[in-house]
Amino acid sequence: MMKILVINGPNINMLGIREPEIYGKATYSDLVEYVEKAASRLNVEVAFFQSNHEGSMVDAIQEAYGKFDGIVINPAAYTHTSVALLDALKSVGIPSVEVHISDVRQREDFRQVSFVRDACVATIMGKGFDGYVEAMEVLRGKQKES
């Protein structure tokens, strides 16, 4: 069974409170439950990690080495600033998919830059929680190719 680590960055724990006009009213717990149900349907084992701290996210990526077959990562604000997350993803070489709940192409100019994208096999944005499910499907497809 494929094992996927879902990593969420800063402020994702505030879903349902933070800018509901952009992110909706569903909570982080709702996201976890939604992804768990989808993972079960996809026959994927899923684990979750959320942190507001860049170094903790780097640690989680490094600790995934040898334990997970894929990473779904929503780096949130660190998408646009973190070379450390990019380097961590490159270091472990685990197929990864970048996910954003909102469509960052329709947002502020600074959100147009993604440092982690270079280490990811795909980027999914603007599909809400369904983006996480699509990311798992992409990773399953990659595993079947190898």
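Keep in mind that the numbers below use all heavy atoms, side chains included, and drop hydrogens, waters and symmetry copies.
In this structure, Asn74 contributes its side chain and Gly9 its backbone to no donor-acceptor pair below 3.5 Å. For Ser40 (side chain) and Glu36 (main-chain N/O), no donor-acceptor pair under 3.5 Å exists by modelled atom type. Thr79 places a side-chain N or O within donor-acceptor distance of the main-chain N or O of Ala76, the cut-off being under 3.5 Å.
Inter-residue side-chain proximity for Leu31 and Phe48 is flagged as unmet; no heavy-atom pair is nearer than 4.5 Å. The shortest side-chain heavy-atom distance between His80 and Pro75 does not fall under the 4.5 Å cut-off. Side-chain contact between Met136 and Val35 is present, with at least one heavy-atom pair separated by less than 4.5 Å. Using a 4.5 Å heavy-atom cutoff, the side chains of Ile73 and Tyr78 are not in contact. You'll find the side chain of Asp69 stays beyond 4.5 Å of the side chain of Leu139, heavy atoms only.
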Problem set entry | Candidate pair Val58 and Leu85, rule side chain to side chain contact (heavy atoms under 4.5 Å, CB included), full reasoning | CA-CA 6 Å; Val58 169; Leu85 290 178; 3.9 Å; yes
Exercise. Can you check side chain to side chain contact (heavy atoms under 4.5 Å, CB included) on Leu15 and Phe129, steps first, answer last?
Worked result: CA-CA 11 Å; Leu15 286 174; Phe129 291 0; 4.0 Å; yes
For this session: Using the side chain to side chain contact (heavy atoms under 4.5 Å, CB included) rule, take Tyr132 and Val97 through it: C-alpha gap first, then chi angles, then the decisive distance, then the call.
Result: CA-CA 9 Å; Tyr132 290 82; Val97 176; over 6 Å; no
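Phe68 and Val138 fall into different hydrophobic clusters, where Ile, Leu, Val, Met, Phe, Trp and Tyr side chains are chained together by heavy-atom contacts under 4.5 Å.
Across Val44 and Met1, no two heavy atoms sit closer than the pair C-SD, 3.9 Å. Between Leu86 and Val116, the shortest heavy-atom distance links the atoms N-CG1, 4.1 Å. For Ala38 against Val133, the heavy-atom pair with the smallest separation is CB-CG2, 3.5 Å.
Looking only at atom types and distance, the side chain of Ser56 has no donor-acceptor partner in the side chain of Asp59 under 3.5 Å away. A side-chain donor-acceptor contact under 3.5 Å links Glu98 and Ser114. Side-chain atoms of Asn43 and Glu45 form no donor-acceptor pair, as typed in the model, at a separation below 3.5 Å.
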